[in-house]
Number of protein chains: 2
Amino acid sequence: MEYDQMETYLKAIGDQKRLLILKFLAKEALRICEFTDLLEMTQPAISQHMRKLKHAGLVWEEKRGRWTIWSLNTQHMQYPVLIHLLDLLPEPRRSIGRLIAEGKK
Amino acid sequence: MEYDQMETYLKAIGDQKRLLILKFLAKEALRICEFTDLLEMTQPAISQHMRKLKHAGLVWEEKRGRWTIWSLNTQHMQYPVLIHLLDLLPEPRRSIGRLIAEGKK
DNA sequence: CCATTATATAAGCAACCACTTATGTATTCA
DNA sequence: TGAATACATAAGTGGTTGCTTATATAATGG
């Protein structure tokens with residue numbers, strides 16, 4: 001792996017919000033509209049983070065109807081490292097289960 | 001580890017020049033003036049990178065006379081991850097051995 | 001003691017980043 | 001078909017980054 005690729009990778013995961021997104025995706029695939037509730041961020045902000053993660057090859061997108069379903073790319077060369085790092089981070093305050101309970105999913 | 005600490009860590013290593021610095025330090029402790037030759041960068045630029053690495057707890061500094069000798073902090077929580085990542089990167093073009101041959105060390 | 005060497009730090013600057021608001025484009029559903 | 005929903009993208013903005021040049025400080029060596 002070259003230095004510029006490594007930089008792209010580390011810059012992609014070197015952001016609190018994106019780490020949180022990845023932490024969620026490590027559990028299950030999610031849609032943008034679910035992230036807006038989970039992260040309490042606007043939809044364009046999420047979209048832009050996803051674009052950055054996609055550019056680094058960390059996530060996949062699957063268009064289904066009006067939704068875009070995002071999931072972790074488990075084939076990424078540094079996927080094991082990513083999982084290791086995510087495991088060090090605490091569980092998010094808001095959870096997907098909470099969303100379901102609130103009838104948002 | 002909290003999200004902001006992880007971000008600080010990843011931002012610190014998420015830079016080509018700093019990855020190169022760390023790659024050199026993984027071999028041996030070095031001084032600023034040696035880095036200016038190895039990386040072909042100005043002295044203040046190096047100093048500022050070292051400050052950032054120090055702030056993230058990745059390196060130690062040891063003042064000896066007019067020199068400051070920098071070395072990797074092998075006690076850092078994410079030291080094994082760092083070594084793993086550095087091992088994926090190619091050996092730098094310029095080497096310490098080359099410096100010695102040129103009579104600069 | 002004075003010149004040299006090694007380093008830190010400050011100010012300035014261009015580029016980049018992460019957000020915002022605004023808008024365009026599909027898709028679904030009544 | 002028209003309203004609502006999900007999403008992408010563009011433009012604008014304030015803050016950050018990584019460099020530069022300039023300068024200060026401290027140690028060494030003649």
Side-chain angles (χ1 to χ4, degrees), chain A residues 3-22 24-25 29-56 58-71 96 99 102-105, chain B residues 3-22 24-25 29-56 58-71 96 99 102-105:
Chain A
Y3 285 82
D4 58 342
Q5 288 176 270
M6 185 67 82
E7 180 180 293
T8 300
Y9 171 71
L10 293 171
K11 275 188 174 11
I13 65 174
D15 177 273
Q16 288 192 56
K17 295 288 173 55
R18 285 194 293 273
L19 284 169
L20 201 47
I21 288 172
L22 293 166
F24 279 117
L25 289 181
L30 287 167
R31 310 189 298 261
I32 301 284
C33 57
E34 290 170 319
F35 281 120
T36 59
D37 289 321
L38 289 169
L39 307 184
E40 289 169 304
M41 285 177 71
T42 64
Q43 172 265 314
I46 306 276
S47 278
Q48 285 157 26
H49 281 306
M50 298 320 289
R51 183 163 52 179
K52 190 151 246 176
L53 291 173
K54 183 188 167 192
H55 181 250
L58 289 163
V59 295
W60 288 113
E61 64 180 325
E62 188 201 334
K63 302 266 181 188
R64 197 181 299 171
R66 59 180 156 174
W67 297 333
T68 309
I69 294 154
W70 295 87
S71 53
I96 299 156
L99 276 195
E102 289 170 5
K104 288 185 178 175
K105 197 184 153 98
Chain B
Y3 286 82
D4 58 341
Q5 289 176 268
M6 185 66 83
E7 179 179 294
T8 300
Y9 172 71
L10 292 172
K11 275 188 174 11
I13 66 174
D15 177 273
Q16 288 193 55
K17 294 289 173 53
R18 286 194 292 274
L19 283 169
L20 201 46
I21 288 171
L22 293 166
F24 279 118
L25 289 182
L30 287 167
R31 311 188 298 262
I32 301 285
C33 57
E34 290 169 319
F35 281 120
T36 59
D37 290 321
L38 289 170
L39 307 184
E40 289 169 304
M41 285 177 72
T42 64
Q43 172 265 315
I46 306 275
S47 277
Q48 286 158 26
H49 281 306
M50 298 319 289
R51 182 163 52 180
K52 189 151 247 177
L53 291 172
K54 182 188 167 190
H55 180 250
L58 290 163
V59 295
W60 287 113
E61 63 180 326
E62 189 201 333
K63 302 268 181 185
R64 198 181 298 171
R66 59 181 155 172
W67 298 331
T68 309
I69 294 153
W70 295 86
S71 51
I96 298 156
L99 276 195
E102 289 170 3
K104 286 186 178 173
K105 196 183 151 99

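So that the names make sense, note that chain A is the first sequence line, chain B the second, and so on, each numbered from 1. Quantities reported herein were computed from a predicted structural model and do not represent experimental measurements.
Side-chain atoms of B/Glu7 come within 3.5 Å of backbone N or O of A/Gln16 as a donor-acceptor pair. Between the B/Gln48 side chain and the B/Ala45 main chain, no donor and acceptor come within less than 3.5 Å of each other.
Looking at B/Arg31 and B/Thr68, their side chains never come closer than 4.5 Å, going by heavy atoms from C-beta outward.
A/Lys11 is linked by a salt bridge (charged side-chain N to carboxylate O under 4.0 Å, His left out) to nothing, counting only residues two or more places apart in sequence or in another chain. Residues passing the side-chain contact (heavy atoms from CB on, under 4.5 Å) test with A/Glu62, sequence neighbours excluded: A/Arg64. With sequence neighbours excluded, the residues forming a side chain to side chain donor-acceptor pair (under 3.5 Å) with A/Ser47 are A/Gln43, listed by chain and number. Applying the salt bridge (charged side-chain N to carboxylate O under 4.0 Å, His left out) test to B/Lys54 and every residue at least two apart in sequence or in another chain returns B/Glu61.
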Could you encode protein contacts along nucleotides 15-30 of chain C as a string, one character per nucleotide from 5' to 3', using B for base contact, S for sugar-phosphate-only contact and - for no contact, with a heavy-atom cut-off of under 4.0 Å?
--SSBBBB----SS--

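In this entry the distance linking CD of B/Glu61 with C1' of C/dA8 reads 10 Å, nearest Å. B/Ile32 places its CD1 atom 9 Å from the C1' atom of C/dA8, with the value rounded to the nearest Å.
Look at A/Arg51 and you won't find any side-chain N or O under 4.0 angstrom from OP1 or OP2 of D/dA8. Listed pair B/Ser47 / C/dT7 fails the phosphate criterion, with no side-chain N or O lying under 4.0 Å from OP1 or OP2.
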Does the side chain to side chain contact (heavy atoms under 4.5 Å, CB included) test come out yes or no for B/Ile13 and B/Leu22, once each step is laid out?
CA-CA 8 Å; B/Ile13 66 174; B/Leu22 293 166; 3.9 Å; yes

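Note on the helix from C/dC1-D/dG30 to C/dA30-D/dT1: angle between the axes of the first and last five pairs equals 10°, rounded to 10 degrees.
Note on B/Gln16: nothing from the nucleic acid sits closer than 4.0 angstrom, heavy atoms only.
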